[in-house]
Amino acid sequence: MLEVLEMTPPPPPPPQPRRQPRGGGGGRKQPLQSSVAQPKAEPPTTPEGGGKRCGGKRRGGRGRARPAEGPRPATGPPVPAAAATNRAVIGPPVPGKGLSFCRRPGFGTVGARCVVKANHFLAEIPDKDLTQYDVKITPEVTSRCVNRAIIAELVRLYRESDLGMRLPAYDGRKSLYTAGALPFDAREFVVRLTDDDSGTGVPPREREYRVAIKFAARADLHHLRQFIAGRQADAPQEAVQVLDIVLRELASQRYVAIGRSFYSPDIRKPQRLGDGLQSWCGFYQSLRPTQMGLSLNIDMSSTAFIEALPVIDFVAQILGKDVMSRPLSDANRIKIKKALRGVKVEVTHRENVRRKYRISGVTAQPTHELIFPIDDQMNMKSVVEYFKEMYGFTIQQSHLPCLMVGNQKKANYLPMEACKIVEGQRYTKRLNEKQITSLLKVTCQRPREKEMDILQTVHQNGYDQDPYAKEFGINISEKLTSVEARVLPAPWLKYHDAGKEKECLPQVGQWNMVNKKVINGGKVSHWACINFSRSVQETTARGFCQELAQMCQISGMEFNSEPVLPIYSARPDQVAKALKHVYNVALHKLKGKELELLLAILPDNNGALYGDIKRICETDLGLISQCCLTKHVFKISKQYLANVSLKINVKMGGRNTVLVDALSWRIPLVSDIPTIIFGADVTHPETGEDSSPSIAAVVASQDWPEVTKYAGLVCAQAHRQELIQDLYKTWHDPQRGTVTGGMVRELLISFRKATGQKPLRIIFYRDGVSEGQFYQVLLYELDAIRKACASLEPNYQPPVTFVVVQKRHHTRLFANNHKDRSSMDKSGNILPGTVVDSKICHPTEFDFYLCSHAGIQGTSRPAHYHVLWDENNFSADEMQTLTNNLCYTYARCTRSVSVVPPAYYAHLAAFRARFYMEPELSENHTSKSSSGTNGTSVKPLPAVKEKVKRVMFYC
């Protein structure tokens with residue numbers, strides 16, 4: 001079942017998951033506290049310290065905890081014996097115990113062995129310890145750039161004397177690091193620096209700063225070596241951080257630093273993206289502990305910067321026309337205000353003075369109407385007169401508004417034509433489709449080109465000549481790391497016996513529907529079509545619909561060739577009226593029966609139309625819809641029609657294909673007992689949208705043993721909250737008392753209704769979590785899963801495997817020999833199924849990189865899977881094979897996909913739910929908060945109609 005849940009105030013901090021046994025003390029451990037009552041359950045059966053991995057006791061020769069099996073029927077899964085049904089319960093979380101991530105159970109062996117290259121560069125570190133000092137700058141400075149300038153001047157003045165020839169590395173905030181101790185434990189220095197313009201309009205002047213440096217700690221590199229060797233449990237993050245800061249010091253001085261990436265217009269010529277933006281090329285750099293030692297991960301990167309244009313030219317690009325001729329309309333003025341707010345500009349009307357300001361807004365009146373008081377007697381002067389008399393500058397474009405700089409209480413006016421945008425400002429707002437397309441063209445590189453660019457970047461960075469790397473004794477290899485990999489075999493897929501091909505073995509990550517029929521065909525008796533594209537004539541639309549209906553029939557669906565009513569044409573701005581008209585006319589014609597499917601033909605550039613259709617259909621009318629772009633209607637490609645028919649089939653409740661191993665009960669740790677597979681994701685609003693809520697989505701498999709149908713739930717939660725708040729929740733009802741609910745609980749109930757069995761195993765794929773959030777997310781969400789299970793039945797605690805899925809990382813894998821075509825797909829990327837679990841992976845924890853898809857263009861990005869918790873005791877081969885095989889069950893195309901489907905569906909569901917929120921129309925909406933005064937109230941999403949609850953993530 002799929003439901004949009006109301007957001008409730010977040011619960012108090014959860015109790016902690018119980019401590020699991022682990023071998024060699026591996027994993028991260030932190031002190032835990034909790035005062036929340038625990039659900040009643042039997043105590044853990046695994047003694048503290050026993051076993052080899054987190055997640056339960058190993059038994060038997062292979063060390064796997066499995067339920068006892070009864071006789072295996074000829075067709076059907078193993079029948080669990082009574083003892084298995086009442087299996088030992090994995091106990092509830094125990095507060096106050098340590099939590100350790102799952103240790104690696106061993107390395108995988110399945111698949112054809114090969115060698116790949118990774119963009120990791122071995123970093124050799126010194127034997128000596130590093131010293132950390134606290135830094136306090138008075139008066140306090142908020143800008144990292146200014147802080148760096150102050151410390152750079154201090155080093156220039158005092159390195160050869162007071163600093164004992166040490167060359168320190170500085171983090172731009174409150175910490176300074178040296179290779180060896182300074183001649184003092186504490187000292188204060190005086191530094192004088194001429195301010196760079198900060199954008200406030202205050203004239204530059206020489207300032208005096210007092211810099212206090214005080215000994216803080218020594219970073220022990222011995223512990224780091226022990227951790228890399230697997231002899232220490234906890235990663236010494238401080239030591240890694242120090243070395244990372246050292247290697248970033250020189251780049252921070254040369255380039256514009258954004259997060260862990262560095263950008264410059266000199267690395268590669270900037271490319272225009274349109275509307276006053278350009279792409280800057282740069283590189284990502286991060287130091288991380290791996291099995292082979294410390295590794296420097298280098299990747300190419302590009303992002304959008306605001307072009308250093310005269311403001312007049314920038315405005316002309318934004319509006320796409322000549323702005324010199326007439327005043328701006330209110331709509332255009334608001335558009336310019338949003339584009340320029342927060343942008344730093346420098347004045348050009350004064351010969352040798354280039355003062356900088358940050359734009360706070362745009363005036364409502366044109367420049368020639370603006371006046372301001374020039375004295376306490378409130379004598380007024382116009383802006384035009386002021387600039388003429390004070391600077392001899394004649395404002396030519398006085399019909400345009402002025403820029404407002406400074407704060408709201410005392411804003412100053414600057415004519416647009418007297419300002420130029422300062423170089424090096426990253427664009428943080430949402431890009432339009434044209435800009436995204438242009439940026440992708442810049443970033444899209446074939447594997448061989450990307451590999452060469454990475455090697456060239458490492459060479460240009462010259463780590464062997466880096467004075468900071470030399471000072472700290474760090475040596476960086478200039479060679480890509482060669483890694484042993486394996487190519488996992490593709491799984492056999494089952495199609496309907498009525499087709500010529502009943503089973504299919506994908507080749508290089510793809511296959512087609514030729515001679516095949518979907519294994520379970522859906523039925524469409526009543527459908528209609530709305531044409532929102534002015535360029536598509538009715539005859540063209542009718543021909544397209546007939547071809548699509550025929551393709552659905554060929555693929556194995558029951559699909560009525562004729563629509564309920566003739567194709568209805570409508571304007572995009574009349575979307576709600578058109579949808580309701582067709583819905584009501586069909587309802588009347590069908591005598592109370594509803595449409596089963598609505599086809600919608602959209603213009604290629606349709607703005608908000610797609611989102612409006614989905615919102616109205618799914619939250620108002622209860623219609624399942626399928627949108628098609630004009631370009632596809634004209635082209636009528638067989639491949640396109642086949643893909644659309646697959647989407648329609650699953651939307652109608654059908655199945656496209658199933659793993660042969662699933663039907664023959666041969667999937668390890670899935671086929672033996674009823675298993676539910678979850679996917680979860682949280683999508684956050686775009687940068688700059690400071691009021692929109694985050695959207696959490698959870699999907700779960702609803703069939704077993706096939707594991708192909710999913711249902712999902714979505715909810716809005718607090719702005720940028722990563723923890724999924726509604727996995728489990730309780731509230732008080734006046735009639736029923738305490739009521740339990742939440743997404744996990746509802747999906748478990750839904751699984752039981754759909755299959756007739758309760759899940760005895762949970763596999764939870766969690767998307768979108770960064771490494772720094774692993775502990776917090778596991779702690780909170782595993783506890784919510786446990787509570788949801790316990791709320792359904794006493795002692796109901798199926799074992800959980802919790803896997804984080806990451807795509808937003810910078811590890812890239814390249815073929816070892818680009819001339820060997822057998823080791824690559826058509827795009828030059830590594831073969832689908834390539835898995836790496838050694839050398840560049842975590843020293844002790846259970847993680848692997850899997851490239852499960854064939855490349856289309858650019859360089860493929862493998863997914864990174866990190867098993868944080870495993871009570872089912874997966875072996876490396878079992879987890880890697882299951883994940884890879886599931887990637888072939890994605891319903892929307894005949895290709896294996898890059899991320900395991902439940903996580904992919906959760907991402908799509910969360911993205912879809914953002915369409916359900918009514919768009920903000922006010923020009924000042926970004927300053928409004930969607931939360932209440934206590935920050936816990938979030939406007940709930942509108943409820944999704946029952947009919948479309950299971951299909952929203954198929955798009």
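The analysis underlying the following values was restricted to heavy atoms, covering all of them including side chains, and did not include hydrogens, waters or symmetry mates.
In this structure the side chain of Met300 reaches within 4.5 angstrom of the side chain of Lys450, judged on heavy atoms. Taking 4.5 Å as the limit, some side-chain heavy atom of Pro139 sits within range of a side-chain heavy atom of Tyr209. Considering only heavy atoms from C-beta on, Tyr170 stays 4.5 Å or farther from Pro168 through its side chain. Side-chain atoms of Gln465 and Lys470, non-hydrogen and from C-beta on, do get closer than 4.5 Å to each other. Side-chain contact between Phe305 and Pro270: absent, with no pair of heavy atoms (C-beta onward) separated by less than 4.5 Å. Residues Gln132 and Val242 fail the side-chain proximity criterion, which asks for heavy atoms closer than 4.5 Å. Two residues are said to be in side-chain contact when any heavy atoms from C-beta on lie closer than 4.5 Å; Leu193 and Glu206 fail this criterion. A 4.5 Å side-chain heavy-atom check between Leu247 and Leu296 finds at least one atom pair inside the cut-off.
Looking at Tyr263 and Ser301, their side chains do bring a donor and an acceptor atom within 3.5 Å of each other. Side-chain contact annotation: Glu249 with Tyr177, donor-acceptor N/O pair under 3.5 Å absent. No side-chain N or O of Asp466 forms a donor-acceptor pair with one of Tyr468 less than 3.5 Å apart. Defined by atom type and a distance below 3.5 Å, a donor-acceptor pair is missing between the side-chain atoms of His810 and Asn119. Using a 3.5 Å distance cut-off with no hydrogens or angles, the side chains of Gln285 and Asn297 do not pair a donor with an acceptor. Thr457 and Gln460 share no donor-acceptor pair across their side chains, judged by distance under 3.5 Å alone. Residues Asp847 and His842 have side chains that never bring a donor and an acceptor to within less than 3.5 angstrom of each other. Residues Thr811 and Tyr849 bring a donor and an acceptor atom of their side chains to less than 3.5 Å of each other. Under 3.5 Å, the side chains of Arg272 and Gln278 contain no donor-acceptor pair of N or O atoms. A donor-acceptor contact closer than 3.5 angstrom links the side chains of Ser295 and His120.
Ion pairing between Asp171 and Arg144 fails under the 4.0 Å rule for side-chain N and carboxylate O. Ion pairing between a basic and an acidic side chain is recognised when a charged N comes within 4.0 Å of a carboxylate O; Glu845 and Arg104 show no such pairing. Using a 4.0 Å cut-off between charged side-chain N and carboxylate O, Glu451 and Arg446 make no salt bridge. One finds no salt bridge joining Asp767 and Lys807 here, because no Lys/Arg side-chain nitrogen approaches an Asp/Glu carboxylate oxygen to under 4.0 Å. A salt bridge links Arg812 with Asp299: the closest approach of a Lys/Arg side-chain nitrogen to an acidic carboxylate oxygen falls below 4.0 angstrom. Note on Asp162 versus Arg187: salt bridge recorded, some NZ/NE/NH1/NH2 to OD/OE distance being below 4.0 Å. Glu153 and Arg156 are joined by a salt bridge, as a carboxylate oxygen and a charged side-chain nitrogen come within less than 4.0 angstrom of each other. Salt-bridge check for Arg268 with Asp453: passed, with a basic side-chain N closer than 4.0 Å to an acidic carboxylate O. Salt bridge status for Glu346 with Arg354: present, with a side-chain N to carboxylate O gap under 4.0 Å.
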- Task: Please assess Ile476 against Leu122 for the test side chain to side chain contact (heavy atoms under 4.5 Å, CB included), listing each intermediate value before the final yes or no.
- Result: CA-CA 6 Å; Ile476 305 295; Leu122 182 63; over 6 Å; no
- Task: Give the intermediate values and the outcome of side chain to side chain contact (heavy atoms under 4.5 Å, CB included) for residues Gln776 and Leu723.
- Result: CA-CA 8 Å; Gln776 187 183 16; Leu723 303 179; 3.8 Å; yes
- Begin with the C-alpha distance, continue with both residues' side-chain angles, and end with the deciding distance and a verdict on side chain to side chain contact (heavy atoms under 4.5 Å, CB included) for Arg148 and Ser252. CA-CA 9 Å; Arg148 288 186 182 280; Ser252 297; 4.0 Å; yes
- Evaluate the criterion side chain to side chain contact (heavy atoms under 4.5 Å, CB included) for residue pair Leu182 and Phe215; output intermediate values, then yes/no. CA-CA 9 Å; Leu182 293 172; Phe215 172 80; over 6 Å; no
- Message: Apply ring-ring contact (aromatic ring centres under 6.0 Å, His included) to residues His866 and Phe774 and explain how you reach the verdict.
- Response: CA-CA 10 Å; His866 203 127; Phe774 280 3; 5.1 Å; yes
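Nearest approach of Arg166 to Ala181, heavy atoms of both residues: NE-O, 3.4 Å. Across Pro236 and Phe227, no two heavy atoms sit closer than the pair CD-CB, 3.8 Å. The two atoms that bring Val836 and Cys841 nearest to each other are O-SG, 3.5 Å, heavy atoms only. Residues Val422 and Val345 approach most closely at CG2-C, 3.7 Å, considering heavy atoms. When all heavy atoms are compared, the tightest approach of Ser694 to Gln721 is OG-N, 3.6 Å. The two atoms that bring Glu471 and Leu167 nearest to each other are OE2-N, 3.1 Å, heavy atoms only.
Going from atom CG of Leu287 over to atom CD1 of Ile474 covers 7.5 Å, rounded to the nearest 0.5 Å. Residue Leu850 holds its CG atom at 8.5 Å from OG1 of Thr834, rounded to the nearest 0.5 Å. Rounding to the nearest 0.5 Å gives a distance of 8.0 Å between CD1 of Ile137 and NZ of Lys174. For the atom pair CD1 (Ile298) and CG (Asn461), the distance works out to 6.0 Å, reported to the nearest 0.5 Å.
Residue His809 is tested with Glu771, Arg861, Arg288 for a side chain to side chain contact (heavy atoms under 4.5 Å, CB included); the sole match is Arg861.
Aromatic ring orientation, Tyr865 versus Phe848: parallel (interplanar angle below 30°, classes split at 30° and 60°).
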